[in-house]
Amino acid sequence: MTREAKEAATNLIREGIDKAREKGELAHCDLPPLRLEVPSEKRHGDLATSIALQLASKVNLPPRKIAEVIVKHIKAISPQPSTISQIEVADPGFINFFLAPKALYPKLKDIEEEGANYGRSSLGKGKKVLIEFVSANPTGPLTVAHGRHAAVGDALANTLQMVGYEVYREYYYNDVGHQMDILGKSVQARYHELRGEEITFPEDGYKGTYITRIAQEIARECEDVDRGDLGFFRRFAEEKLFESIKKDLKDFAIEFDGWVKEKDLYESGQVKKTMERLKKEGHIYEKQGALWFRSSKFGDEKDRVVRRSDGQPTYLAPDIAYHQNKYERGFQYLIDILGPDHHGYVGRLKAAVEALGHEKDSLRVIILQLVSLYRGQEKLPMSTRAGEFITLRQVLDEVGRDAARFFFLMRTTNSHLNFDLNLAKSQSTENPVYYVQYAHARICSILEFAAEKGVEVKKAEAVDLSLLKEKEELETIKTLAQFPEVVESGARALEPQGLTGYLQELAGSFHNFYTKFRVIGPGDRNLGSARLVLVKAVKTTLQNGLRLLGISAPEKM
RNA sequence: GCGCCUGUAGCUCAGUUGGAUAGAGCGUUGGGUUGCGGACCCAAAGGUCCCGCGUUCGAGUCGCGGCAGGCGUACCA
């Protein structure tokens, strides 16, 4: 709903209560916060408040009576704000406001003027935020789960940008350590196998066929391979896998601003520096030959090892250093998107952030829940190790980028996602994303038709918008008006999912209007002009919303 | 054992800081355009919001206790 209308209604309620108190018709008491909500049902108006229900027990009067008294005084105020056309009391004591169409029309002008900026706000105040997501280690191709992370992270980044944050997208990966050694050994073994040698494949090795393919590439591209040089196999595999990861991301329309690898953190001295600082400030101690971070002091369940007794650092050490590094680069607000297998990690990360003197809440961790894959009823195994998994690439090829992204973004972050390949495929033409895109394409088609017919598309200010009186027209404008709030609440909650629902609603509102009324040539030329303004506003808003989700807004389908 | 997530229509899922008769898509059934794109529109059927207790004027939403599924709980990565 428009902000102005909300303000006007809030003021009216406040005045009404004050007046009632003056007259002694309402006892004085602490006033609960005045809240206006959009009723779930249209017949309850555009804005409603339950203030009378909340006051009932405090002033010892039936809620309906209180509402009536307040409304009586509101109605005595003059002049009445022009944005509100009707105020009513409804059982059991709600006060409902109906907006005047007049309050709606300026919105269309705003949208026309703001264009691609419609929905932008300054909520973020230019704060620098770093959002880290995907961050898959290069031990295999990206999976469907990574796809979900990519889609959510990117949409979130776009949304935060829209509300005035300065956003940086980063991908972090571990390029040293045990996992990479196993990767190297796996490729090495396959290479030997190709050369016709008897091998024993490493027990914990990666069994996917992509490992064999990499070995084949080595055989094809490299001469003089030192078969015992594990480092060579590891580096080669890492490079190849990264190439494919980057290509997958590119085809999924995800662009990162930065890539950070674990090795950098060691080589730049960041790990050492950060650990020394923690040590100096007494947050690290030695026990049984290992170094421990005193994370329990900052709310974690227990202390954590940062260097094992054999002298090897755990993963926590570079992770702490990495987060410190983000702050040192000037970011004030950090977002990590992690899988549910990392939820035990959140406590220690937050503890580290606090120990290093940053506000605990400046780090927000989103735990994106699991993706389970199905093919019909059959649940598919998802193991990178075993090499049995569906890649993001396969999904992209089967269902397409836009549908895949929409599918990932329709769910809340903390609900498990059941991804049925059959369904995704069969729904590729029934997918709600096409419903939204279709609305956009239809509007483009209308505008094209207008051009063919030589119908002039006028500016909002040159048009009599008050001709838009139909229920469907007014509903559409109301929906348009909600867009900025939807974007803001998505940014606040770090949930891009609200936007997908909103776009479906807006598209529905438009389709509904479209099937009933003509835009080009409705008889009244001025009415046609007004409808063109409306339709263009829908187009702009659909585009803006789809852009935030990273989904295209096609002119033809 | 302990921690986190989930449980809402046949299926997949929404449901803001507690509000009125709990929603959408798919699927099912039945309708709709002398016209700007039928990938659309309208309608019907479909519910013990997992169970119980509590807080409240009011609970799908908050609290406590259960049940079920998933994921964690390492000097693993």
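So you know, we letter chains A, B, ... as the sequences are listed, proteins then strands, and number each from 1.
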A:His511 side chain, from C-beta outward: closest of B:rA20, B:rC40, B:rU12: B:rC40
Atom pair distance, as rounded to whole Å: CD in A:Glu452 and C1' in B:rG37: 12 Å
Nearest listed nucleotide, side chain of A:Asn512, among B:rC41, B:rA14, B:rG37: B:rC41
Over 12 non-hydrogen atoms of neighbours within 6.0 angstrom of CG in A:Asn60: no
Separation of B:rG25 C1' from A:Asp420 CG (nearest whole Å): 15 Å
Closest nucleotide among B:rC75, B:rG3, B:rG37 to the A:His343 side chain: B:rG3
Separation between the P atoms of B:rU29 and B:rG38, rounded to whole Å: 24 Å
Verify stack between A:His416 ring and B:rG70 base, 5.5 Å, 30 degrees: no
Under 4.0 angstrom between A:Lys516 side-chain N/O and B:rC42 OP1 or OP2: no
Could you write out each protein N or O paired with an N or O of nucleotides 54-58 of chain B at a distance under 3.5 Å?
none

N or O in side chain of A:Tyr434 less than 4.0 angstrom from B:rA39 OP1/OP2: no
Same-atom distance (P) from B:rC41 to B:rA24, integer angstrom: 12 Å
G-U wobble or Watson-Crick pairing nucleotide for B:rG18 (cut-off 3.5 Å, both distances): none
Aromatic plane relationship, A:Phe419 with A:Phe408 - under 30° parallel, 30 to 60° tilted, over 60° perpendicular: tilted
Step-by-step side chain to side chain contact (heavy atoms under 4.5 Å, CB included) determination, A:Ile443 to A:Lys536: CA-CA 7 Å; A:Ile443 294 170; A:Lys536 273 191 348 191; 5.7 Å; no
B:rC13 OP1/OP2 closer than 4.0 Å to side-chain N/O of A:Asn418: yes
Per-pair stack call A:Phe94 and B:rA20, 5.5 Å, 30°: yes
Upstream residue (5' side of RNA chain B) when A:Ala48 and A:Asp310 are each assigned their closest nucleotide: A:Ala48
A:Lys185 with A:Asp181: basic N within carboxylate O range, under 4.0 Å: no
Charged N-O contact under 4.0 Å between A:Lys478 and A:Glu505: no
Heavy-atom donor-acceptor pair, A:Glu448 side-chain to B:rC36 base, under 3.5 Å: no
Charged N-O contact under 4.0 Å between A:Lys261 and A:Glu238: no
B:rU6 versus B:rG15 - spacing of their C1' atoms, nearest Å: 16 Å
Touch class at under 4.0 angstrom, heavy-atom based, for A:Tyr374 against every strand present: nothing
OP1 or OP2 of B:rC4 under 4.0 Å from side-chain N/O of A:Asn414: no
Touch class at under 4.0 angstrom, heavy-atom based, for A:Ala441 against every strand present: base
Phosphate OP1/OP2 of B:rG19 contacted by A:Ser50 side-chain N/O (<4.0 Å): no
Strand partner of B:rG54, provided both Watson-Crick or wobble distances fall under 3.5 Å: B:rC62
N/O (side chain, A:Tyr514) to phosphate O (OP1/OP2, B:rC42) under 4.0 Å: no
Approximate separation, where rounding is to 0.5 Å, of A:Ser135 OG and A:Ile337 CD1: 9.5 Å
Under 3.5 Å on both distances, the Watson-Crick or G-U partner of B:rA24: B:rU12
Sugar-phosphate only, base, or nothing, as touched by A:Ser445 at under 4.0 Å among non-hydrogen atoms: base
Parallel, tilted or perpendicular: ring planes of A:His342 versus A:Tyr345, cut at 30 and 60 degrees: perpendicular
Greater than 12 external heavy atoms within 6.0 Å of A:Lys207's NZ: yes
Sugar-phosphate, base or nothing in reach of A:Lys556, heavy atoms under 4.0 Å: base
With A:Tyr173, the ring pair (Phe, Tyr, Trp, His ring centres under 6.0 Å) member among A:Tyr322, A:Phe242, A:Tyr315: A:Phe242
Nucleotide forming a Watson-Crick or wobble pair with B:rA68, both distances under 3.5 Å: B:rU6
Which nucleotide in B:rC36, B:rA74, B:rG15 has an atom nearest any side-chain atom of A:Gln497: B:rG15
Taking every non-hydrogen atom, the tightest pair across A:Gly545 and A:Leu503: C-CD1, 3.7 Å
A:Arg35 side-chain N/O to B:rG19 phosphate OP1/OP2 under 4.0 Å: no
Residue whose closest nucleotide on RNA chain B lies nearer the 5' end, A:Lys287 versus A:Val519: A:Val519
Under-3.5 Å N/O pairs linking protein and nucleotides 27-29 of chain B:
none

hbond_proxy A:Thr515 side chain to B:rC40 base (donor-acceptor, 3.5 Å cutoff): no
A:Lys360, NZ: over 12 other non-hydrogen atoms inside 6.0 angstrom: yes
Rounded distance (Å) that lies between atom P of B:rG35 and atom CZ of A:Arg531: 18 Å
